[in-house]
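Just below is one structure, and these are the notes that go with it.
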Amino acid sequence: MAEALKPLQSTLLFNPMFKPQVEQFWNVQERILDEAELFARHWFERRHEATRTALDAARTAVSGEPLEPAAAMEAFSEWRRHSAERIAEDGREWFGMMSRCASYASKTEAEAVGEAAEEAVKITNKATKPVQSEPV
């Protein structure tokens, strides 16, 4: 089996060059997942708040005198205003998340390329190093 794999040996020597890119890829994936999880958690918190405040507004609307709809209109106006704020916060957080993710990917990719180049130089130097021999 070892004899059969000898032709592939030179190809396998370059695998250490790919280590930085492989690690970079999975590290970025982990960070992107963390960012997405945080964004989703905050998004759901805002949706829960929107539901609770909508219920409060509805309760206010049906609890007043039928001839005085001003309280109901005020409750729904307040809910809409806060909903607009929540939607704006969704956008701010989304933009921030996407910016951070792009930054992670580009910064670590540049680092990984540098590390791969250094590893390639080491492997090439090792492969081309003259074998020391003693005169006969």
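Because the structure is a prediction, the values reported are computed rather than measured.
Within the model, atoms CZ of Arg86 and CZ of Arg47 stand 7.0 Å from one another, a figure rounded to the nearest 0.5 Å. Here the CD1-CZ distance, from Ile87 to Arg46, works out to 10.5 Å after rounding to the nearest 0.5 Å. Remark: Leu55 CG to Arg59 CZ distance equals 3.5 Å, nearest 0.5 Å. Here the CE-CD distance, from Met97 to Glu35, works out to 7.5 Å after rounding to the nearest 0.5 Å. Residue Glu89 holds its CD atom at 10.5 Å from CD of Glu49, rounded to the nearest 0.5 Å.
Cation-pi check for Arg41 over Trp43 is not met; the charged atom does not lie both under 6.0 angstrom from the ring centroid and within 45 degrees of its normal.
For residues 77-106, the set of pairs meeting the ring-ring contact (aromatic ring centres under 6.0 Å, His included) definition, not counting sequence neighbours, comprises Phe39-Trp94.
Formation of a donor-acceptor pair under 3.5 Å by the Ser106 side chain with backbone atoms of Ala102 is found in this model.
When all heavy atoms of Ala57 and Ala75 are compared, the closest pair comes out as CB-O, 3.8 Å. Of all non-hydrogen atoms in Arg92 and Glu85, the two that sit nearest each other are NH2-O, 4.3 Å. The shortest non-hydrogen separation linking Ile32 to Cys101 is CG1-SG, 3.7 Å.
In this structure, Glu78 places its CD atom where more than 12 heavy-atom neighbours from other residues, nucleotides or ligands lie under 6.0 Å away.
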Hey, mind stepping through Arg80 and Ser77 against side chain to side chain donor-acceptor pair (under 3.5 Å) and telling me if it holds? CA-CA 5 Å; Arg80 275 195 308 263; Ser77 291; 3.3 Å; yes
